[in-house]
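Okay, so here's the structure we're looking at.
When a ligand or atom number is given, it counts from 1 through the structure's own listing order. Residue numbers start at 1 and run along the sequence shown.
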Amino acid sequence: MTLVFVYGTLKRDCSNHDFMAGQEFLGEARTAPGFRLYDLGGHPGMVVLPDDTDGVAGEIWAIDADCLARLDQLEGVAEGWYRREPVPLLAPFANRGIEAFVYPHDVTGRREVGPVWRE
Ligand code: PCA
């Protein structure tokens with residue numbers, strides 16, 4: 001099992017949540033400050049933003065290897081669209097090396113969403 005932090009369309013009640021079918025929800029979580037969401041067109045990208053003070057809200061899931069592979073494909077990890085990397089989370093998930101799909105590209109001109117993605 002792998003723990004992942006999801007903050008966008010993979011969350012409960014969101015458009016890609018079917019990808020989490022059969023996996024285990026462990027709880028709501030929030031990153032440390034330094035991350036913000038931007039609207040990439042129906043889905044958010046979480047970017048590193050050093051002067052952010054709020055962080056990003058999301059969910060922790062325990063997922064199996066098949067699910068992880070499907071998520072990597074969905075998020076275009078091999079193509080460098082999103083990068084799956086550890087993000088600092090607040091308690092009770094702090095210091096556990098939990099990964100999220102971070103958006104590593106320029107967000108100039110994208111709508112700033114703030115800390116919570118809603119559909
Ligand atoms: N799906 C992933 C990354 C962005 C998105 O919409 C997630 O929910 O974490």
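Scanning all heavy atoms of the two residues, the minimum distance from Arg12 to Trp61 falls at CG-CZ2, 3.8 Å.
The aromatic rings of Tyr103 and Trp81 sit perpendicular, their planes meeting at an angle over 60°, well past the 30° parallel limit.
Under the rule for a side-chain contact (heavy atoms from CB on, under 4.5 Å), the partners of Asp66 that lie at least two apart in sequence or sit in another chain are Asp64, Arg70.
Among the candidates Pro115, Pro88, Pro50, the single residue satisfying the side chain to side chain contact (heavy atoms under 4.5 Å, CB included) test with Phe35 is Pro88.
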Quick one: table the atom pairs, ligand 1 N or O against protein N or O, below 3.5 Å, distance rounded to 0.1 Å.
from: ligand 1; atom 1: 1 (N); to: Thr9; atom 2: OG1; distance (Å): 3.2
from: ligand 1; atom 1: 1 (N); to: Glu75; atom 2: OE2; distance (Å): 3.1
from: ligand 1; atom 1: 6 (O); to: Thr9; atom 2: N; distance (Å): 3.1
from: ligand 1; atom 1: 6 (O); to: Thr9; atom 2: OG1; distance (Å): 2.8
from: ligand 1; atom 1: 8 (O); to: Gly8; atom 2: N; distance (Å): 2.8
from: ligand 1; atom 1: 8 (O); to: Thr9; atom 2: N; distance (Å): 3.3
from: ligand 1; atom 1: 8 (O); to: Leu10; atom 2: N; distance (Å): 3.1
from: ligand 1; atom 1: 9 (O); to: Tyr7; atom 2: N; distance (Å): 3.0

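A heavy-atom distance below 4.5 Å is found between the side chains of Met20 and Ile63. Residues Tyr38 and Leu49 have side chains in contact (heavy-atom distance under 4.5 Å, counting atoms from C-beta outward).
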